[in-house]
Protein chains: 2
Amino acid sequence: MPAKPASRTRSRPPAPRRPAPARPGAGPRGSKGAHDIVEKLRVRIAQQQIAPGAKLRETDLAAEFKVSRARIREAIASLESRGLVQRIPNRGAVVMRLDLSQVFYIYDLREVLEGLAARLATQNEPPESWREDLDRHRGPMKALVERGDLDEYIEHYEQLRRRLIEAARNPVLAEMLDTIYEKTQVLIRRIIILPGRAEVGRQQHVAMLEAMCRGDAEEAERLRRASLRSAKSALERYQRYIL
Amino acid sequence: MPAKPASRTRSRPPAPRRPAPARPGAGPRGSKGAHDIVEKLRVRIAQQQIAPGAKLRETDLAAEFKVSRARIREAIASLESRGLVQRIPNRGAVVMRLDLSQVFYIYDLREVLEGLAARLATQNEPPESWREDLDRHRGPMKALVERGDLDEYIEHYEQLRRRLIEAARNPVLAEMLDTIYEKTQVLIRRIIILPGRAEVGRQQHVAMLEAMCRGDAEEAERLRRASLRSAKSALERYQRYIL
DNA sequence: GTCAACACTTATGTTTACAAATTCGTTGAC
DNA sequence: GTCAACGAATTTGTAAACATAAGTGTTGAC
């Protein structure tokens with residue numbers, strides 16, 4: 001290896017800097033990560049703002065989010081990995097339709113996963129910390145059902161559900177529950193508003209919360225699982241109206 | 001809207017076709033779907049052929065798989081969605097390291113999910129169909145443990161596990177188990193080869209298979225769950241040697 | 001020896017252009 | 001009216017080019 005030429009000195013003046021001709025559009029890296037886009041699309045798909053069967057057009061989404069098509073393609077790849085869309089070569093991506101068998105598969109999973117969440121939450125939090133939820137489900141939630149104010153009922157139920165998942169402190173579990181929840185969110189709401197369903201559910205949540213206030217994690221899990229099986233039964237009975 | 005001019009006739013000869021100047025590389029659509037690439041990378045990551053912490057370089061992978069960089073980026077987006085890699089803006093993607101807390105989260109999930117698989121498998125298949133597995137775990141598997149032939153033991157254990165998942169007939173469950181299995185595959189093997197662990201596991205599988213041969217789905221689930229908790233305990237005890 | 005500054009190299013993120021595949025609208029035959 | 005053929009329009013998949021950010025190696029100061 002030939003010796004290097006004598007060293008350059010640090011004090012040499014910097015070469016004059018000529019501005020490169022600007023290439024239109026090639027500016028600083030965009031501030032919108034692909035995650036944000038994935039997240040937003042997930043929510044819209046979950047809430048059926050983008051309907052099942054609907055086609056996702058790359059160019060439209062790129063324009064809407066003001067990002068490159070390449071980024072949209074990556075986001076769509078992520079959504080496909082989550083089972084929210086199906087990509088067909090040369091034809092694009094469509095939002096998955098959930099067929100009935102899929103729903104039942106998901107309900108079996110919800111049973112064990114949400115049961116696990118209830119158990120872990122009971123183990124992780126002091127029993128008295130569930131008192132307020134219990135009181136709410138005994139009193140104000142009962143009144144909501146009687147008044148038929150199901151929107152607010154659902155809101156509180158979903159708060160409880162989220163609280164359980166957070167208290168479970170298992171991020172892998174939380175992620176899995178997210179993955180299935182976003183596929184079934186609209187459906188879960190439809191089940192809750194079935195005749196009599198909200199009151200049955202409320203009573204089941206009361207029983208579970210009572211077990212949690214006793215610190216009985218196994219029982220909380222058992223009751224939460226039973227509650228999900230009960231919801232699955234309601235689905236079986238009313239499936240023709242729901243899907 | 002103005003009337004269209006008189007119709008063209010079908011019998012007009014086709015215009016002479018001039019071949020477009022070939023653009024290097026822009027040929028027919030590649031035959032390798034992004035799925036294949038994702039699948040291959042998943043397996044390699046699961047088996048630690050690509051080590052945790054290792055960097056995935058787009059250009060290298062594009063050259064290796066003979067596809068465009070864009071496709072590799074989409075594959076990496078999918079892998080990230082599955083939690084197998086972490087992408088860092090402007091720095092690339094690295095294979096996730098599994099820290100200890102993650103492992104325990106996963107074990108809690110494995111407990112309930114593999115328990116569910118055992119239950120569904122018991123419900124779905126006639127009891128006598130598990131006889132052969134039971135006989136194998138009673139006899140030949142015991143001999144493998146005694147001889148210390150743990151490679152073959154693990155192979156048969158994994159066959160049983162796969163059989164349970166298939167018999168569960170719940171594709172959403174299978175997908176979830178895949179997702180966590182690919183993160184823990186090497187670790188599971190390490191647990192099995194811990195001192196005495198294989199024989200304990202074998203006995204647990206025998207008990208579960210006995211319940212399945214009786215058609216007792218709840219008991220099969222309970223025993224499978226207990227077996228996973230037992231594996232988690234071994235992990236807790238020997239964690240310093242395993243990770 | 002360490003460490004900071006700097007230049008160069010490399011890899012990632014984006015844009016542009018284009019080929020290939022699919023979709024859509026029109027037209028003519030029946 | 002339906003249906004097939006065909007051309008035009010649109011969308012998807014890819015390659016190349018380029019901007020930007022980060023990594024790496026060298027050099028000089030201490």
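All of these numbers come straight from a predicted model, not from anything done at the bench. Naming: A, B, ... by sequence-line order, numbering from 1 per chain. Reckoned from all heavy atoms, side chains included, excluding hydrogens, waters and symmetry mates.
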Report the distance from atom CD1 of A:I88 to atom P of D:dT12, rounded to the nearest whole Å. 11 Å
Starting at CG of A:L61 and ending at P of D:dT12, how long is that distance when rounded to a whole Å? 9 Å
Choose from C:dT15, D:dG13, C:dG13 the nucleotide whose nearest atom is closest to any side-chain atom of A:A70. C:dT15
Counting any heavy atom closer than 4.0 Å, what does A:L56 reach on the DNA or RNA strands: base, sugar-phosphate only, or nothing? sugar-phosphate
Could you tell me whether B:D108 and B:K232 make a salt bridge, using a distance below 4.0 angstrom between a side-chain N and a carboxylate O? yes
A:E74 CD to D:dG13 P: how many Å, rounded? 14 Å
Tell me the interatomic distance from B:K55, atom NZ, to D:dA22, atom C1', rounded to whole angstroms. 8 Å
Give a yes or no on whether a salt bridge exists between A:E114 and A:R161, defined as a side-chain N under 4.0 angstrom from a carboxylate O. yes
So, OP1 or OP2 of D:dA15: does either fall under 4.0 Å of a side-chain N or O from B:S68? yes
Roughly, in whole Å, what's the span from NZ in A:K66 to P in C:dG13? 22 Å
Integer-rounded Å distance: D:dA15 P and B:E58 CD: 14 Å
Proximity to the side chain of A:R69 - top-ranked nucleotide from D:dA21, D:dA15, D:dG13: D:dG13
For DNA chain C, whose closest nucleotide is more 5', that of A:R91 or that of B:A93? B:A93
Please give, in whole Å, the distance from D:dT12 C1' to A:I72 CD1? 14 Å
In a table with atom names and distances, give each donor-acceptor pair under 3.5 Å that connects a side chain of residues 91-98 of chain B to protein atoms at least two apart or in another chain.
unit_1, atom_1, unit_2, atom_2, d
B:R97, NH1, B:P52, O, 3.4

Residues in side-chain hydrogen bond (donor to acceptor under 3.5 Å, both in side chains) contact with B:R190, at least two apart in sequence or another chain: none
A:N90 CG to D:dA9 P, in whole Å, measures 21 Å
